[in-house]
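Accompanying notes for the structure given below.
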Amino acid sequence: MNTICRGLSTLLLLYGLQGLSGCMQAPDFSAVKAERQKPVLRTDTFQSASSNGKVLVAGTASGALVSSADAGRSWSRQRLASPASVIALSACADGSFIGLDFYRKVWIGDATGQQWSARPLPGKTNPMAIACAPDGRLWVAGSHTMLLSSADRGQTWTATDFDEDALLTTLQFIDDQHAIVTGEFGTVLTSADAGKTWVRQAPIPGDFYPYATVFTDRLNGWSSGLGGVIQHTADGGKTWRAQDNHAAAPMYTLLRQGDELYGLGGGGLMVVKRGDTWERFDHGLVPPAYLAAGAVLDARSMLVAGSAGALHVVTAPGQIALAAHDPQALAQSHPQGAAR
């Protein structure tokens, strides 16, 4: 039989048809299998990230969660029950995590980021943002200008309806009493009593659509929107003024790291606030199509995440701290970048 196979292979080779022989060796898919078993895949699209000071967690559009207990040096992966798509993550004061699912669910995670349980959201609100208030209450903002809150970790929910058809996209508790929500058409809602009541402020001008909003105190806040526009308020959201964004790209996440403010966004670009302008920040990475999420690790380093499996820890000034899951990203990175 081997003699026949060798003869057939030789004959097909002469005619340039060697691929038709049934005697050829079967293809080796071991490399493909090994790639699929990695905790971070090149096909991952990261949409969310958070840190509780000890553990990092990041969520993907396909319903996977990856976590790291060693500042991003190594990661573990788990897949949530389908359908799932983790669009936002936040850490609570007790160290536990909460995740917001596009499919109208909230995921409750323990402080290790390993154990997760789902809680359905009521009604037909499309959720967009989630926050864990200092008192432990969960808050969700979404479509139809709707806010949902839960005092029992998502077992039951109370709805606050502002009776308008606007998409609320960001939600932040600045301290134990003060909170701010921003949304479509420049919507601004503020609370000074831990969410018991909400006051509608004048809208951010220009029919503004906010991707991200961050306040550093009760008065000063920034909101990034379409076309790379970044608006600033110095009076708690009552009035807003545009600041220059030298990257001219939309910023999908705003991060506060110590006294610095950073933006992560389109084209895989990052910006850093300098005075009243936002300047390009050289993160040292081969830029993915976009960066969509981030989390602060310490006073000098942050996790940045986005498309094409981008999941890196970056440290100022513009160096890659580590990217253990993808050594090629380090080898191809900007000459100013340095791996730790």
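None of the values given here were measured: they were computed from a predicted structure.
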Quiz item: Is there a chain of hydrophobic side chains (I, L, V, M, F, W, Y, each step under 4.5 Å between heavy atoms) that links Ile180 to Ile130?
Solution: no
Practice problem: Examine the side chains of Trp278 and Asp244 and answer whether a donor and an acceptor come within less than 3.5 Å of each other. | Solution: no
Quiz item: At what distance, to the nearest 0.5 angstrom, does CG of Asp176 lie from CG of Asp193?
Solution: 11.5 Å
Exercise. In sequence, state the C-alpha distance, the side-chain angles, and the governing distance for Thr125 and Ser143, and then conclude on side chain to side chain donor-acceptor pair (under 3.5 Å).
Key: CA-CA 5 Å; Thr125 297; Ser143 60; 4.7 Å; no
Exercise. Keeping to residues at least two apart or across chains, list the side chain to side chain donor-acceptor pair (under 3.5 Å) pairs with something in residues 251-261.
Key: Glu260-Arg274
Self-check item: Taking every non-hydrogen atom, the tightest pair across Asn245 and Gly228
Solution: ND2-O, 2.9 Å
Quiz item: Should the ring pair Trp198 and Phe162 be called parallel, tilted or perpendicular, given that the plane angle runs from 0 to 90° and is split at 30 and 60?
Solution: perpendicular
Quiz item: Stepwise, does the ring-ring contact (aromatic ring centres under 6.0 Å, His included) test hold for Phe185 with Phe208?
Solution: CA-CA 5 Å; Phe185 311 121; Phe208 191 74; over 10 Å; no
Quiz item: Atom OG in Ser48, atom CG in Leu89: separation rounded to 0.5 Å?
Solution: 3.5 Å
Practice problem: Apply side chain to side chain donor-acceptor pair (under 3.5 Å) to the pair Gln243 and Thr277, showing each step before the final yes or no. | Solution: CA-CA 6 Å; Gln243 294 185 333; Thr277 64; over 6 Å; no
Quiz item: Which distance, rounded to the nearest 0.5 Å, do you find between the CE of Met146 and the CG of Asp163?
Solution: 9.5 Å
Quiz item: Less than 4.5 Å apart, any side-chain heavy atom of Met270 and any of Val304?
Solution: yes
Exercise. Check the pair Thr190, Gln201 against side chain to side chain donor-acceptor pair (under 3.5 Å), reporting the backbone distance first and the verdict last.
Key: CA-CA 7 Å; Thr190 60; Gln201 305 293 344; 2.9 Å; yes
Quiz item: Does a donor on one side chain and an acceptor on the other come within less than 3.5 Å for Thr216 and Asn220?
Solution: no
Quiz prompt | Validation row: Arg153, Cys92 side chains within 4.5 angstrom (heavy atoms) | solution = yes
Quiz item: Quick check: does any side chain N or O of Lys54 sit under 3.5 Å from a backbone N or O of Gly95, one acting as donor and the other as acceptor?
Solution: no
Practice problem: Give a yes or no on whether the backbone of Trp107 and the side-chain of Lys105 come within a donor-acceptor separation of less than 3.5 Å. | Solution: no
Practice problem: State whether a side-chain donor-acceptor pair under 3.5 Å links Ser117 with Arg119. | Solution: yes
Quiz prompt | Leu255 side chain near Leu264 side chain, heavy-atom distance below 4.5 Å | solution = yes
Quiz item: Does Ser191 use its side chain to pair, donor to acceptor, with the backbone of Thr197 at less than 3.5 Å?
Solution: yes
Quiz item: Shared ILVMFWY cluster between Ile230 and Ile204, side chains joined below 4.5 angstrom?
Solution: no
Quiz item: Do the side chains of Tyr262 and Met302 get nearer than 4.5 Å, heavy atoms only?
Solution: yes
Exercise. Check the surroundings of atom CZ in Arg280: do more than 12 heavy atoms from other residues, nucleotides or ligands lie under 6.0 Å from it?
Key: no
Quiz item: When rounded to the nearest 0.5 angstrom, what is the spacing between OG in Ser223 and OH in Tyr211?
Solution: 11.5 Å
Quiz item: Roughly how far apart are Thr182 OG1 and Gln231 CD, rounded to 0.5 Å?
Solution: 11.5 Å
Quiz item: Would a hydrophobic clustering, with Ile, Leu, Val, Met, Phe, Trp and Tyr connected at side-chain separations under 4.5 Å, put Val272 with Val314?
Solution: yes
Quiz prompt | Nearest-0.5 Å distance, OG1 of residue Thr187 to CD of residue Glu164 | solution = 6.5 Å
Exercise. Indicate yes or no for a side-chain donor-acceptor contact from Ser307 to the backbone of Ala289 under 3.5 Å, with no hydrogens or angles considered.
Key: yes
Practice problem: Using modelled atom types only, decide if a donor and an acceptor are shared between the side chain of Arg77 and the backbone of Ala64 within a distance under 3.5 Å. | Solution: no
Exercise. Would you kindly confirm whether Val86 and Trp116 end up in one hydrophobic cluster when ILVMFWY residues are joined by side chain heavy atoms under 4.5 Å apart?
Key: yes
Quiz item: Considering all heavy atoms of both residues, which atom of Asn126 and which atom of Leu167 are nearest to each other, and what is their separation?
Solution: O-CD1, 4.4 Å
Quiz item: Can you list every pair that meets side chain to side chain donor-acceptor pair (under 3.5 Å) and has a residue in residues 78-89, with sequence neighbours left out?
Solution: Gln47-Ser85
Quiz item: Between Ala111 and Val55, what is the shortest heavy-atom contact and its length?
Solution: O-CG2, 3.5 Å
Quiz item: Please walk me through it: do Val106 and Ile108 pass side-chain contact (heavy atoms from CB on, under 4.5 Å)?
Solution: CA-CA 6 Å; Val106 168; Ile108 309 297; 3.8 Å; yes
Quiz item: Under the side-chain contact (heavy atoms from CB on, under 4.5 Å) criterion, do Leu291 and Leu269 qualify, and how do the steps go?
Solution: CA-CA 7 Å; Leu291 293 171; Leu269 298 177; over 6 Å; no
Quiz item: Is a donor on one side and an acceptor on the other found under 3.5 Å between the side chain of Ser224 and the backbone of Met251?
Solution: yes
Practice problem: Specify the closest pair of heavy atoms between Pro210 and Gly183, including all atoms of both residues, with the distance to one decimal. | Solution: CD-O, 3.1 Å
Practice problem: Could you tell me whether Gln114 atom CD has more than 12 heavy atoms of other residues or ligands within 6.0 Å of it? | Solution: yes
Quiz prompt | Heavy-atom side-chain proximity of Arg300 to Asp298 below 4.5 angstrom | solution = yes
Practice problem: Using the rule that two of Ile, Leu, Val, Met, Phe, Trp, Tyr join whenever any of their side-chain heavy atoms come within less than 4.5 Å, decide whether Leu148 and Ile98 are in one cluster. | Solution: yes
Quiz prompt | Worked verdict on Leu311 versus Phe46 for side-chain contact (heavy atoms from CB on, under 4.5 Å) | solution = CA-CA 8 Å; Leu311 188 69; Phe46 288 99; 4.0 Å; yes
Quiz item: Quick one: do Arg137 and Asp152 make a salt bridge, cutoff under 4.0 Å?
Solution: no
Quiz item: Can you check whether Leu147 reaches Leu168 side chain to side chain, under 4.5 Å on heavy atoms?
Solution: yes
Quiz item: Is there a donor-acceptor pair under 3.5 Å between the side chain of Asn52 and the backbone N or O of Ser96?
Solution: no
Quiz item: Yes or no on side chain to side chain donor-acceptor pair (under 3.5 Å) for Ser76 and Ser67, after CA distance, side-chain angles and deciding distance?
Solution: CA-CA 5 Å; Ser76 62; Ser67 58; 3.0 Å; yes
Self-check item: From CA spacing to verdict: side-chain contact (heavy atoms from CB on, under 4.5 Å), Trp75, Leu56
Solution: CA-CA 9 Å; Trp75 295 88; Leu56 292 169; 3.9 Å; yes
